Amino acid sequence: MKTVLIANRGEIAVRVIRTCKKIGLRSVAVYSESDEGSMHTRLADESVCIGPRAPEKSYLNIDGIIAAAKAFNADLIHPGFGFLSENAAFRQACDEEGIRFIGPSAESMILMGDKQRARELVAENGFPVVPGSDGCVDSLEDAVAVSKRTGYPLMIKAASGGGGRGIRIVKNEQELLNSFPIACREAEVSFGDRRVYLESYLPNARHIEVQVLADEYGNAIHLGTRECTLQRKNQKIIEEAPASNVDPAVIAAIQDTAVGIVRKLGYFNAGTIEFLLSEDGKFYFMEMNTRIQVEHPVTECIYGVDLIKAQIHVALSHKLSIKQKDIVPKGHAIECRINAEDPARNFMPSPGIITKMVLPGGNGVRVDTGFCEGDEIPPYYDSMIMKIICMGDDRLEAIRAAGCALEELKIEGVSTSAAFSKAILKDDDFIKGRIHTKWIEQVFIDRFMRSVQ
Amino acid sequence: MDIETIFEMIERAEKSSFNKIAIETKDVKLSLEKTFCSAPAPAAPVQAANTAPAQQAPAQKHEHDADDYVFAPISGVFYVAREPGAEPYVRPGSAVNKGDVLCIIEAMKTMNEITAPKAGVIESVLKKDAEAVVAKDALFRYAR
């Protein structure tokens, strides 16, 4: 029996452990001192403390995790998302110890981790990228020169950013002059890399991404699109599969582009390619995430696949068992992330003990969480308590199902974002698909605040 | 382990620099943990980021009442400055205006600025930099 060590915590660790159990693998959980006794440690076959509460001393502690993996004879390591999931040095450390890392090659991680280099590579191969600078922009003069060509608004993006971090929007030359030096300095402080590049800011665009899956033998498939347009501060709130109200020809082109990029890279394992869809129906490559994503369950629901299982199979050097022509999506799925934060108080974090928790259920309702009643949500990690994923035959049914599920959900002891998500699900703009990536911030928050006052 | 030994350990632990001591033998599991905050947590719910609930004064500091304290609105990690090595926002003796930033509490990857609930002079900083704090812990005390 093979052993999988899960180098993560909370909901995604629980998610991976469940698949390990299902397919007959032994699971080893790791935890920090503040996560002692938490759900992922209770469910795993074995668990081991890897350090104090601070992430850099526990869930980001490569030496500690590798030592734990060796102590428990782990054959594989699943990194989950966040923490070390896109850290090429961690992958290399696994390789050196002969432990299979459940993810892509170190080369793919490094290449796609450099957001500017990835953009350049994608453009070189004839795929569409958001108009902007060719390569990085070193000086203010160069930045101004780019702006003459592209116009405003522009985004200054950190090459080592990604995931919505390290981005500044400038609306005119004066703002560019002011923000450019600050952006470089911020990039250096945040990512240890001061390189930035420029991209046109596309107003009213939608965020559409494609789930891809590939093996080490050059077989690559896509599992359709997800719409992740609803974001606050670049963090996704509600995700759907598939993206709806998009010309089927455009969807097909986006999917083909995603698979094309995967083939060009020689990428293997699961990954996500993110695109922006502009108002005029044009799509552009934004970035690739070389890991499993938070919102993967919506894809699993409509395609009937277990993406974690697929990841493990690829990591064990198996060939993909599914072919593109054999997979057909069915229905529509919506995921609501429930965070421990108070929307009415500017989304202030709300760590604490869950004194009461009643979960929704029933046909087509899936709850992925790493907590149960009585558990503490510590302040040291992210605020996601759970994901509620609901299915319907079509989008409207899925929206209604999600609304019912949130109605059934009861959480006490900490504030949650559930009421905020519930209000979105009832909003006419959302139901009719009149949304864009800044809709929450520019339109909906005011609407929500008025409704709660 | 007899009761005297335990008292002896508590006494010694109090004087030591350790915050937490855990001992486990065959039949005894003992865990000692120090709390640094002398002001008891107020019972009333915290209403907003920086309102100290009007509660009775901590018993041993009878010259102060709850109004003189700034309480943590959330659990997290307490920081005296914007970034490591930077000047602390306030020191004992600093005069502050209502709304001035006093410290940062990092919770769930967000840096939450904790602001002064009223104007006055900060008499003492009750937590150490990078110390874990629990919601409703007293963080600062104003001079009377």
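Predicted model only: the values in this text are computed from it and were never measured. Letters A, B, ... mirror the listed sequences (proteins, then strands); counts begin at 1.
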Let me confirm one number: the CE-CD1 distance from Met348(A) to Ile105(B), rounded to the nearest 0.5 Å. 7.5 Å

With a 6.0 Å cut-off (strictly less than), is the heavy-atom count around CD of Glu56(A), excluding the residue itself, greater than 12? yes

Mind listing the closest non-hydrogen atom pair of Met108(B) and Ala340(A) along with its distance? SD-O, 3.6 Å

Below 4.5 Å from any heavy atom of chain A, which atoms of Thr110(B) appear? Answer side chain, backbone, both or neither. side chain

Ordered numerically, the heavy-atom neighbours of chain B under 4.5 Å found in residues 372-381 of chain A are Ile377(A), Pro378(A), Pro379(A), Tyr380(A), Tyr381(A)

Is it the side chain or the backbone of Glu106(B) that comes within 4.5 Å of chain A heavy atoms, both, or neither? backbone

Count the heavy atoms belonging to other residues, nucleotides or ligands that lie under 6.0 Å from CZ of Arg12(B), then report whether that count exceeds 12. no

Can you tell me if Arg82(B) has over 12 outside heavy atoms packed within less than 6.0 Å of its CZ? no

So which part of Ala54(A) gets closer than 4.5 Å to some heavy atom of chain B, the side chain, the backbone, both or neither? neither

Distance-only check: which donor-acceptor pairs under 3.5 Å involve side-chain atoms of residues 349-357 of chain A, not counting sequence neighbours?
residue   : atom : partner   : partner atom : Å
Ser350(A) : OG   : Ser415(A) : N            : 2.9
Thr355(A) : OG1  : Glu412(A) : O            : 3.1
Thr355(A) : OG1  : Gly413(A) : N            : 3.4

